[in-house]
Amino acid sequence: MLKEFREFAMKGNVVDLAVGVIIGAAFGGIVTSLVGDIIMPIVGAITGGLDFSNYFTSLSKAVTASNLADAKKQGAVLAWGNFLTLTLNFIIIAFVLFLVIRAMNTLKRKDEAAPAAPPKPTREVELLTEIRDLLKKA
């Protein structure tokens with residue numbers, strides 16, 4: 001059973017999937033930083049210093065806090081600012097993946113469209129061609 005598991009784990013598809021998951025997690029961290037550290041501060045500056053991550057609507061009269069973390073401790077809240085940030089993350093990830101796949105498809109089409117050079121004839125074929133040409137002259 002251990003031998004079968006090792007064979008399964010070392011198959012190319014499983015290793016490729018593991019690499020994809022690891023790269024995807026790293027890419028997700030980069031996009032989260034891009035949105036949280038670059039895009040949302042710019043959006044906040046344009047909108048007068050708004051910080052969307054702390055925007056919420058309380059669903060209970062017991063919620064009196066002004067920031068999201070404390071409000072969640074006091075009762076039920078709709079954290080729509082956090083949802084807005086995560087939605088922006090998704091849109092950016094989807095757009096970047098679209099650009100990557102589009103570039104890959106363009107490269108694939110160029111490779112398919114490029115005419116392949118005809119293979120060089122073998123020495124035997126060259127000799128037969130010379131013989132044919134000599135016989136035509138005679």
Side-chain angles (χ1 to χ4, degrees):
M1 188 162 138
L2 185 61
K3 181 181 175 186
E4 286 182 56
F5 177 73
R6 186 177 65 220
E7 288 174 6
F8 168 76
M10 292 300 140
K11 282 186 181 178
N13 295 344
V14 174
V15 174
D16 291 344
L17 179 63
V19 169
V21 168
I22 292 168
I23 290 175
F27 185 72
I30 290 170
V31 172
T32 300
S33 176
L34 175 69
V35 171
D37 300 334
I38 296 174
I39 293 176
M40 292 311 279
I42 292 171
V43 171
I46 292 171
T47 59
L50 299 176
D51 179 15
F52 289 103
S53 62
N54 262 335
Y55 277 27
F56 64 92
T57 302
S58 64
L59 299 175
S60 169
K61 292 182 181 183
V63 177
T64 59
S66 61
N67 65 27
L68 182 60
D70 292 338
K72 282 184 175 182
K73 292 176 186 175
Q74 292 177 349
V77 294
L78 287 176
W80 61 269
N82 193 32
F83 177 76
L84 180 67
T85 303
L86 292 175
T87 302
L88 188 57
N89 275 350
F90 171 77
I91 290 170
I92 291 170
I93 290 171
F95 183 70
V96 169
L97 287 176
F98 167 75
L99 292 178
V100 168
I101 291 172
R102 184 174 179 212
M104 288 175 53
N105 287 340
T106 302
L107 290 174
K108 196 179 293 186
R109 276 189 234 118
K110 284 182 183 178
D111 287 345
E112 291 172 357
K120 184 179 177 187
T122 63
R123 180 69 182 142
E124 185 177 274
V125 172
E126 287 177 359
L127 288 173
L128 289 172
T129 304
E130 287 177 23
I131 293 170
R132 181 198 64 201
D133 293 342
L134 288 172
L135 288 172
K136 279 185 181 179
K137 289 181 183 179

Taking it one step at a time, do Thr57 and Trp80 satisfy side chain to side chain contact (heavy atoms under 4.5 Å, CB included)? CA-CA 7 Å; Thr57 302; Trp80 61 269; 3.3 Å; yes
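With sequence neighbours excluded, the residues satisfying side chain to side chain donor-acceptor pair (under 3.5 Å) with Asp37 are Ser33. Judged as a side chain to side chain donor-acceptor pair (under 3.5 Å), and not counting sequence neighbours, the contacts of Asp70 are Asn67.
Closest heavy-atom contact between Ala71 and Ala65: N-CB, 3.5 Å.
Taking CZ of Phe95 as the reference point, atom CZ of Phe90 lies at 13.5 Å (rounded to 0.5 Å). A distance of 13.0 Å separates CE of Met104 from CG of Leu99, quoted to the nearest 0.5 Å. The distance from the NZ atom of Lys136 to the CG atom of Leu134 is 11.5 Å, given to the nearest 0.5 Å. One distance of note links CG of Asn105 with NZ of Lys110; it measures 12.5 Å at 0.5 Å rounding.
In the hydrophobic cluster analysis, where Ile, Leu, Val, Met, Phe, Trp and Tyr join through side-chain heavy atoms closer than 4.5 angstrom, Ile23 is grouped apart from Ile101. One hydrophobic cluster holds both Ile38 and Leu88 under the rule that ILVMFWY side chains link at heavy-atom gaps under 4.5 Å.
No side-chain heavy atom of Val77 sits under 4.5 Å from any side-chain heavy atom of Leu59. Looking only at side-chain heavy atoms (C-beta outward), Lys120 and Glu126 come within less than 4.5 Å of each other. No side-chain heavy atom of Leu128 sits less than 4.5 Å from a side-chain heavy atom of Arg132. Using a 4.5 Å heavy-atom threshold, the side chains of Phe56 and Val63 count as touching.
By the 6.0 Å contact criterion, CD on Glu130 is enclosed, its count of non-hydrogen atoms from other residues, nucleotides or ligands being greater than 12.
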